[in-house]
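Each chain gets a letter, A, B and so on, in the order the sequences are listed, and its residues count up from 1.
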Amino acid sequence: MERNESAKFVLPIVVVLIAIVSIVILGGLASGNPDGFEWSLFDYAEVTEPEGSFEGIWSFLGEGLVVDVITGVVGIVGVLLLGYLLFRLTSRRN
Amino acid sequence: MHVPDGPLPLWVYLLFLVVSLSILGISIRRINRKFDDRMVPYLGVLAAVIFAAQLVNFPLPPTSGHLVGSTLLAVMVGPFAAVVIMAQVLLVQAFYGDGGFLAYGLNLFNMGVFASFFGWFVALVLFKVLKRAVDEKVAVLIATTIASFVSTVASAFVLGLELMTIPGFGLEALIVIVVVHAFIGVGEAVLTFFILLYFIRAKPQLISFLSGSKTAEMAKVAEAPWASPQEVIPVTVVGGST
């Protein structure tokens, strides 16, 4: 697996990921229902949801589909770079 | 499945923080120098795939679910690398307010450590059985799909046990969370099937279970034959051996 080959493989995947996430969010296909854990704990068992908890570094942008897409894309790129950095440090030089 | 800070007792959060960070440290040491630097972009993109897949919840009224991806990762790059990738994804998600910082250890244990090792083990057993009957690419696809479902339900059971430290969350709620995740597990299995199918067709060298894999060295868990996807454990039969 050569470096050029890996770039040719990785870049289209990132572009496709961003496109899919954008289409799903902007198309309203993503569910707004609580996930299985939240539903079981807060809705079914009626355990009180914590108040005043940290809402994320992007909470100052407010809510909305466009905000979700932008922050999602930033997250995808951020995770990619974080992964690249950590695995670069632990890889065997060739 | 992302637990926020708050509902559970402090000692549970701290216990899992110590346990998970210790296992993360061991995982980093286990994969260190076990892979070529040409693998780095592929490992980075796997983390991005998991983050993207967890961004969007699929509907399952009155609830919803999202891919966890630990079994998929464990089959592709081994459980230790899967833990490292999940640790990165969950860290960024904590900054996004999806799962708390104090709850980071708990979330890493449920979705990273337990789900990766348990899912890997179930997939390995199924793969070894199926490989005797079908092509290894078909075997890994079926084994991983089933294991991802089993791992999701088992992880929900573990999460339910942890939640029982909260007053008001009893046996009935434990059963409910497991049943809900049985449906979510079907979604996990479907997504796992299609993502793995893509990698089997596009880059089978990235799948540790397959012959000639570039990730086999980093995916090695133990030297014993049972831990290797390619080793067949000899079966002794009456009057001879195979």
Side-chain angles (χ1 to χ4, degrees), chain A residues 1-3 5-7 9-11 13-14 17-18 20-21 24-25 29-51 53-59 68 71-72 75-94, chain B residues 1-7 28 31-49 51-52 55-66 84-85 88-89 91-92 95-98 100-101 156 159 163 166 168-170 173 176-177 180-181 184 202-203 205 214:
Chain A
M1 289 194 237
E2 296 303 322
R3 283 180 183 81
E5 185 193 336
S6 62
F9 182 74
V10 165
L11 286 175
I13 291 182
V14 175
L17 280 181
I18 290 171
I20 291 174
V21 165
V24 169
I25 294 175
L29 300 173
S31 174
N33 290 338
D35 71 14
F37 156 76
E38 290 167 342
W39 183 80
S40 305
L41 183 65
F42 303 128
D43 294 10
Y44 183 82
E46 295 180 346
V47 172
T48 316
E49 201 162 349
E51 287 179 20
S53 56
F54 176 62
E55 290 183 1
I57 54 172
W58 303 113
S59 58
D68 288 347
T71 57
I76 290 170
V77 176
V79 168
L80 180 71
L81 294 177
L82 185 63
Y84 192 91
L85 183 69
L86 184 67
F87 287 117
R88 178 86 189 155
L89 290 172
T90 52
S91 67
R92 190 173 55 225
R93 297 289 181 270
N94 199 313
Chain B
M1 211 185 267
H2 294 73
V3 179
D5 292 341
I28 292 173
I31 64 164
N32 195 27
R33 309 284 178 260
K34 296 280 173 61
F35 59 98
D36 199 285
D37 59 357
R38 285 172 293 195
M39 287 291 299
V40 172
Y42 298 106
L43 296 167
V45 87
L46 283 178
V49 168
F51 182 85
L55 267 181
V56 286
N57 282 26
F58 52 83
L60 204 71
T63 175
S64 68
H66 61 72
V84 176
I85 291 173
Q88 295 166 36
V89 170
L91 181 66
V92 174
F95 279 101
Y96 275 55
D98 197 7
F101 284 105
L159 173 61
L163 295 177
I166 304 172
F169 196 94
V176 166
I177 198 168
V180 165
H181 279 85
I184 293 172
K203 202 62 74 175
Q205 307 96 306
K214 303 277 184 191

Exercise for the section: Can you spot which of B/L60, B/V176, B/I177 makes a side chain to side chain contact (heavy atoms under 4.5 Å, CB included) with A/W39? Expected result: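 The single option meeting the side chain to side chain contact (heavy atoms under 4.5 Å, CB included) with A/W39 is B/V176.
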Part of [X] within contact of chain A (heavy atom distance under 4.5 Å):
X     : value
B/V45 : both
B/Y96 : both
B/N32 : both
B/L43 : both
B/I31 : both

Relative to chain B, which segment of [X] carries a heavy atom at a distance below 4.5 Å: side chain, backbone, both, or neither?
X     : value
A/V24 : side chain
A/T71 : both
A/I18 : neither
A/Y84 : both

What are the two closest non-hydrogen atoms of [X] and [Y], and how far apart are they?
X     : Y     : result
B/P61 : A/N33 : CA-ND2, 3.9 Å
A/F37 : B/P4  : CE2-CD, 3.5 Å
A/L17 : B/A52 : CD2-CB, 3.9 Å

Are the side chains of [X] and [Y] in touch, meaning some heavy atoms are under 4.5 Å apart?
X     : Y      : value
A/T90 : B/F35  : yes
B/N57 : A/D35  : yes
A/L41 : B/I166 : yes

Exercise for the section: Determine yes or no for a side-chain-to-main-chain donor-acceptor pair under 3.5 angstrom, with B/T63 supplying the side chain and A/P34 the backbone. Expected result: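 Present.
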Can you tell which of [options] has the highest number of heavy-atom pairs within less than 4.5 Å of chain A?
options                       : value
B/P62, B/G44, B/S64           : B/S64
B/G65, B/G168, B/P7           : B/P7
B/G170, B/P59, B/G100, B/A202 : B/P59
B/D98, B/V3, B/L91, B/D5      : B/V3
B/I28, B/L46, B/I184, B/V49   : B/V49

Go through [options] and name the one with the most non-hydrogen pairs under 4.5 angstrom from chain B.
options                    : answer
A/V79, A/I57, A/L29        : A/V79
A/G83, A/S31, A/A30        : A/S31
A/G56, A/S53, A/A45        : A/G56
A/I20, A/I76, A/L89, A/V77 : A/I76
A/F42, A/W58, A/F54, A/F87 : A/F87
A/L81, A/L86, A/D43, A/I25 : A/L86

Exercise for the section: Among A/R93, A/R92, A/R88, find the residue that satisfies the salt bridge (Lys or Arg N to Asp or Glu O under 4.0 Å) test when tested with B/D37. Expected result: A/R88
Exercise for the section: Evaluate whether atom CZ of B/F58 has more than 12 neighbouring non-hydrogen atoms of other residues, nucleotides or ligands under 6.0 angstrom away. Expected result: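 Enclosed: over 12 neighbouring heavy atoms sit under 6.0 Å from CZ of B/F58.
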